[in-house]
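For reference, the structure is listed below as structure tokens.
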Amino acid sequence: MKIAVLTGSPHKEGTTDLLADKFIEGAQSKGHEIYRFDAAFRNIHPCLGCDTCGMSGACVHKDDIENEAIQKMREADVIALVTPVYYFAFSAQLKTVIDRFYSRTYDINNKQSVLLAAAASNTPLTMRSITKHYQTLTGYMHWQDMGMVLAAGCPTRDAIAKTNYPDEAFKLGQSL
């Protein structure tokens, strides 16, 4: 199975980096092929809403999303979205990639997907919006949700490392 892991954290060695690493480790232990796209450290540009792509063609931006990530997502069986939760939502870096799904909506639908998210806060509101957004996205894209790891109350890598969330991410990767 081919898995495209899209990360959105601007922090190297942060909470979601640990979740992504563990998820990948679990998936690789089952022989799956992994492609990782760390959006915060790539040349990416936001969707302009110009509709030049017509939802199924080349984007006007010739950046790392268009030149690399979209093709890997087209080939993938599973798309993993990995993000810190900023103001109850995906990070801007990952949201930029998600918005660019528009150019290949028909080419990257009917996939499986997972969500791995980490947040400093652990209030009941913390994961509600991002979970709803993810569920809306999976419904629209006709993706089959294969699971979520929602690591609330994890403000630092040290904090998340002391929880069961990294193990949950590993097991989610193994379950595919």
Side-chain angles (χ1 to χ4, degrees), residues 1-11 14-17 19-21 23-24 27 32-119 126-151 169 172-173 175-176:
M1 183 178 293
K2 293 182 179 183
I3 302 172
V5 178
L6 310 176
T7 73
S9 177
H11 300 279
T15 55
T16 57
D17 192 54
L19 291 179
D21 288 347
F23 172 79
I24 290 168
H32 300 307
E33 181 181 325
I34 307 297
Y35 165 75
R36 182 172 178 159
F37 187 82
D38 295 307
F41 307 106
R42 304 301 295 265
N43 175 27
I44 64 173
H45 301 285
C47 179
L48 298 174
C50 66
D51 204 34
T52 298
C53 65
M55 295 179 72
S56 63
C59 179
V60 296
H61 292 302
K62 302 305 177 207
D63 60 2
D64 292 342
I65 297 171
E66 177 65 19
N67 295 331
E68 181 184 324
I70 288 291
Q71 183 58 37
K72 294 294 186 177
M73 285 185 276
R74 291 170 74 185
E75 297 168 0
D77 302 295
V78 178
I79 296 176
L81 303 176
V82 186
T83 185
V85 178
Y86 293 158
Y87 259 85
F88 313 103
F90 291 100
S91 71
Q93 294 83 354
L94 186 57
K95 182 65 167 69
T96 297
V97 177
I98 291 169
D99 287 350
R100 294 280 298 284
F101 288 177
Y102 181 81
S103 71
R104 294 302 200 293
T105 298
Y106 305 115
D107 295 334
I108 60 172
N109 63 9
N110 297 310
K111 308 268 182 196
Q112 295 176 336
S113 64
V114 301
L115 172 65
L116 298 102
T126 302
M127 295 295 183
R128 186 169 62 192
S129 291
I130 195 166
T131 300
K132 288 289 186 190
H133 187 166
Y134 172 71
Q135 291 168 338
T136 301
L137 179 63
T138 60
Y140 178 74
M141 297 300 290
H142 305 284
W143 289 352
Q144 180 184 0
D145 172 36
M146 302 304 290
M148 294 183 259
V149 175
L150 304 174
L172 181 56
S175 73
L176 301 174

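What you see below is based on every heavy atom in this structure, not just the backbone, and it leaves out hydrogens, waters and symmetry mates.
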Worksheet item: In terms of heavy-atom contacts, does NZ of K62 have more than 12 from other residues, nucleotides or ligands at under 6.0 Å?
Response: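 Above 12, so yes.
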Check: [X]/[Y] side-chain N/O donor and acceptor closer than 3.5 Å:
X	Y	result
Y134	S113	yes
Y140	N109	no
Y35	E68	yes
D38	T7	yes

Heavy atoms, side chains only, cut-off 4.5 Å: are [X] and [Y] in contact?
X	Y	value
P10	Y86	yes
L116	T16	no
I65	R42	no
V85	M127	yes
I24	R36	yes
V82	F23	no
I3	D77	no
L115	V149	no

Practice item. Show the numbers, then the answer: is there a side chain to side chain contact (heavy atoms under 4.5 Å, CB included) between F90 and H133? Key: CA-CA 9 Å; F90 291 100; H133 187 166; 3.6 Å; yes
Tell me whether [X] contacts the main-chain N or O of [Y] through its side chain, where contact means a donor paired with an acceptor under 3.5 Å.
X	Y	answer
D64	I44	no
K95	G8	no
K111	M141	no
W143	I108	yes
T83	S91	yes
K2	H32	no

Q. Does the side chain to side chain contact (heavy atoms under 4.5 Å, CB included) test come out yes or no for M146 and V78, once each step is laid out?
A. CA-CA 9 Å; M146 302 304 290; V78 178; 5.5 Å; no
Could you walk me through whether D17 and L19 satisfy the side chain to side chain contact (heavy atoms under 4.5 Å, CB included) test, starting with their C-alpha distance in whole Å, then the side-chain angles of each, then the deciding distance to 0.1 Å, before giving a yes or no? CA-CA 5 Å; D17 192 54; L19 291 179; over 6 Å; no
Subject >> Reported CG-to-CZ distance for the pair D107 and R74, which is rounded to 0.5 angstrom >> reply: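 With rounding to 0.5 Å, CG (D107) is 4.0 Å from CZ (R74).
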* Sequence neighbours left out, what passes side chain to side chain contact (heavy atoms under 4.5 Å, CB included) with H61? Give chain and number order. =>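 If we apply the side chain to side chain contact (heavy atoms under 4.5 Å, CB included) test to H61, skipping adjacent residues, the hits are H45, L48, C59, D63, R100.
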Exercise. Run the numbers on Y106 and M55 for side chain to side chain contact (heavy atoms under 4.5 Å, CB included), then give the verdict.
Key: CA-CA 7 Å; Y106 305 115; M55 295 179 72; 3.7 Å; yes
Work out which heavy atom in F41 is nearest to a heavy atom in S9; give both atom names and the distance.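 Here F41 and S9 meet closest at CE1-O, 3.6 Å.
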Check E66 with R104, please: is the shortest side-chain N to carboxylate O separation under 4.0 Å?
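Yes, this pair counts.
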